[in-house]
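Note sheet for the following structure.
Computation of the quantities below employed the complete heavy-atom set of this structure, encompassing side-chain atoms and omitting hydrogens, waters and symmetry-equivalent molecules. Given the structure is predicted, the values throughout are model-derived calculations rather than measurements. We count ligands from 1, going down the list as the structure has it; atoms in each ligand are counted the same way. Numbering of residues begins at 1 and proceeds along the displayed sequence.
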Amino acid sequence: MGRKVIITCAVTGSIHTPTMSPYLPVTPAEIAEASIAAAQAGAAIIHLHARHPETGFPSADAALFKEFLPEIKDHCDAVLNISTGGSSVMSLDERLAPARAAKPEMCSLNMGSMNFGIFPLKAHFSEWQHDWEPKLLDATRSTIFRNTFDDIELILSDLGGAGGARFEFECYDIGHIETLAYYLSKERVHPPLYVQFVLGVLGGIGASPENLLAMKTTADRLLGTAYEFSVLGAGGMQMRLATMGAILGGNVRVGLEDSLTIAPGTLAKSNAEQVAKICRILDELGLEIATAAEAREILALKGGDSVAF
Ligand code: KMH
Ligand code: ZN
């Protein structure tokens, strides 16, 4: 197979809140619909969180995931990747419940504890649909997004070993790549590693081309040929950094989890709109887009028939 670019779409996440965009999927039906449309637009992987259906509050209730996972699987072939990051105000056990129940092909694995500040988003709004929204944003001034070595090893053994999942290794800074290289040297993780370079979260590395190059150079030095990478630029740099990542030989992640816009100052009307845009860019660059089956082959996934939903 020649080089193909894998598109991940992260459809809702736990950063943005309902007041920020009317297009953010909230209910299981909305999450399913957004995921299927994103897959139809060209995404090979769908990265999934859940939300409380009435309030939109980030939720790791496995029962909510059970409402949308089979529905998405019935309507498209995309790889369903379940978050183990949840939100920084959840306990680790809460965060792992959906992936433990669903035994997915893929789940996220955040490679270090850090500040994860989403409180600056508060300044853009004066009225809120729900009381919890400004409170959650403020809470990120004092909470730690906890991903200790023990936590990482628990996820590797529980979901990787026993569950057969492979990982989207979310690296928010250079040191997280060092941690991944440590686990590679100890044979706790196995190639091909799928490394998500996350740029633009306050507390992690900033969203600049220079920083993306630094991440890539570090990963090349430490992980050599053992890895594939993808690029996630949070906020307004999403499309530019994804494009740069693709040019550098990587894959891309888009979706309303990480950016609500389709162009500066314009809200994206759907996740699929962002997927369609990155498809157009990749096409113009002469780059081919991976199908879900090709993504499974590239990332050595266990297959959609081996999950528990
Ligand atoms: N929204 C990303 C910056 C996870 O789900 O494990 C972080 C994320 C974490 O995707
Ligand atoms: Zn996520």
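- Under 2.8 Å from the Zn ion (ligand 2) lies no N/O/S atom of Glu170, from backbone or side chain alike.
- Scanning all protein heavy atoms for the shortest distance to atom 1 (N) of ligand 1 gives Glu257 OE2, 2.7 Å.
- In Leu109, neither the side chain nor the backbone holds a heavy atom less than 4.0 Å from any atom of ligand 1.
- Using a 4.0 Å cutoff on heavy atoms, Glu168 does not count as a contact of ligand 1.
- Interface atoms of ligand 1 facing Gly85, defined by a heavy-atom separation under 4.0 Å, are 4 (C), 6 (O).
- Restricting His47 to its N/O/S atoms, the shortest distance to the Zn ion (ligand 2) is reached by NE2.
- Every residue two or more places apart in sequence or in another chain that forms a side chain to side chain donor-acceptor pair (under 3.5 Å) with Lys4 is listed here: Glu294.
- At a threshold of 4.5 Å between side-chain heavy atoms, the hydrophobic network of Ile, Leu, Val, Met, Phe, Trp and Tyr places Ile262 and Leu267 in two separate groups.
- At a 3.5 angstrom cut-off on N or O pairs, Arg253 counts as close to ligand 1.
- The name of the N, O or S atom in Glu257 nearest to the Zn ion (ligand 2) is OE2.
- If you number the atoms of ligand 1 from 1 as listed, the ones under 4.0 Å from a heavy atom of His49 come out as 5 (O).
- Residue Ile15 has at least one heavy-atom neighbour below 4.0 Å for each of these atoms of ligand 1: 1 (N).
- A cation-pi geometry, defined here as NZ or CZ lying under 6.0 Å from the six-membered ring centre and within 45° of its normal, does not hold between Lys66 and Phe309.
- Put simply, no part of Gln196 is less than 4.0 Å from ligand 1, judged by heavy atoms.
- The nearest protein atom to atom 6 (O) of ligand 1, hydrogens excluded, is given as Ser108 OG, 2.6 Å; this is a heavy-atom distance.
- Those atoms of ligand 1 with a heavy atom of Val198 less than 4.0 angstrom away are 3 (C).
- Remark: the Ser230 side chain and the Gln196 side chain contain an N/O donor-acceptor pair separated by less than 3.5 Å.
- Using a cut-off of 4.0 Å between Lys/Arg side-chain N and Asp/Glu carboxylate O, Glu133 and Lys122 are scored as not salt-bridged.
- The distance criterion of under 3.5 Å between nitrogen or oxygen atoms is not met by Phe145 with respect to ligand 1.
- At a cut-off of 3.5 Å, with distance as the only test, a side-chain donor of Asp151 or Thr148 sits close to an acceptor on the other residue.
- The hydrophobic clustering, which links ILVMFWY residues whose side-chain heavy atoms are closer than 4.5 Å, places Met111 and Ile15 apart.
- Atom 5 (O) of ligand 1 has its closest protein heavy atom at Ser83 OG, 2.7 Å.
- Looking at Arg100 and Asp93, a side-chain N of the basic residue comes within less than 4.0 Å of a carboxylate O on the acidic one, giving a salt bridge.
- Taking 4.0 Å as the cut-off between side-chain N and carboxylate O, Lys216 and Asp220 count as a salt-bridged pair.
- For atom 7 (C) of ligand 1, the closest non-hydrogen atom of the protein is Tyr172 OH, 3.0 Å.
- Formation of a donor-acceptor pair under 3.5 Å by the Thr261 side chain with backbone atoms of Ala268 is not found in this model.
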